[in-house]
Amino acid sequence: MTAIQHMAAQLARLQRTPDRKTRVLQLSASGFSQRQIALEVGVSRSTVFNIVKANHQGVAHE
């Protein structure tokens, strides 16, 4: 596990975010790249992109 992956894992645990959308948005707001977020959350980069984009547009992403 790289240092960045370790930091992302710690951040996720500290914030206790059970939902992947919330985790993606929190990690994005913390400055992590979409690639780093995808690796940490276990989703594709396109999923991360879509969640962040929908959030910026005020659209609910399922």
Side-chain angles (χ1 to χ4, degrees):
M1 179 181 290
T2 67
I4 291 173
Q5 289 171 322
H6 182 69
M7 287 174 38
Q10 285 182 323
L11 178 62
R13 280 192 298 274
L14 288 173
Q15 294 176 330
R16 300 196 198 306
T17 54
D19 159 68
R20 76 177 185 177
K21 176 184 170 188
T22 302
R23 288 181 69 200
V24 165
L25 295 174
Q26 288 176 331
L27 292 170
S28 178
S30 295
F32 290 92
S33 72
Q34 290 183 358
R35 180 178 182 276
Q36 292 166 329
I37 295 167
L39 288 170
E40 171 59 28
V41 178
V43 298
S44 69
R45 288 192 313 188
S46 63
T47 297
V48 173
F49 174 82
N50 290 333
I51 291 171
V52 173
K53 181 179 175 184
N55 184 64
H56 286 301
Q57 294 176 346
V59 177
H61 182 269
E62 298 293 323

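As the structure is a prediction and not an experimental result, all values here were calculated from the model.
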Revision key, fill the gap. Of all heavy-atom pairs linking R23 and E40, the shortest is NH2-OE2, 2.9 Å

Check your understanding: Are V43 and F32 in one and the same hydrophobic cluster, where Ile, Leu, Val, Met, Phe, Trp and Tyr link if side-chain heavy atoms are under 4.5 Å apart?
Key -> yes

Point to revise | N55 side, atom CG; N50 side, atom CG - distance, nearest 0.5 Å | key: 12.5 Å

Study note, to complete from the structure: Residues at least two apart in sequence or cross-chain that pass side-chain contact (heavy atoms from CB on, under 4.5 Å) with T2, listed by chain then number, are I4, Q5

Point to revise | Spacing of CZ belonging to R45 relative to CZ belonging to R35, to within rounding of 0.5 Å | key: 7.0 Å

Check your understanding: When rounded to the nearest 0.5 angstrom, what distance separates CG in L27 from CG in L39?
Key -> 11.5 Å

**Study point:** Partners passing side-chain hydrogen bond (donor to acceptor under 3.5 Å, both in side chains) against Q36 (at least two apart in sequence or in another chain)
**Key:** S33

Exercise for review: Let me see the working for S28 and V48 under side-chain contact (heavy atoms from CB on, under 4.5 Å), right down to the final yes or no.
Suggested key: CA-CA 9 Å; S28 178; V48 173; over 6 Å; no

Review point. Of all residues at least two apart in sequence or in a different chain, which pass the side-chain hydrogen bond (donor to acceptor under 3.5 Å, both in side chains) check with S44?
Key: S46, T47

Check your understanding: What are the two closest heavy atoms between L25 and V52, and how far apart are they?
Key -> CD2-CA, 4.2 Å

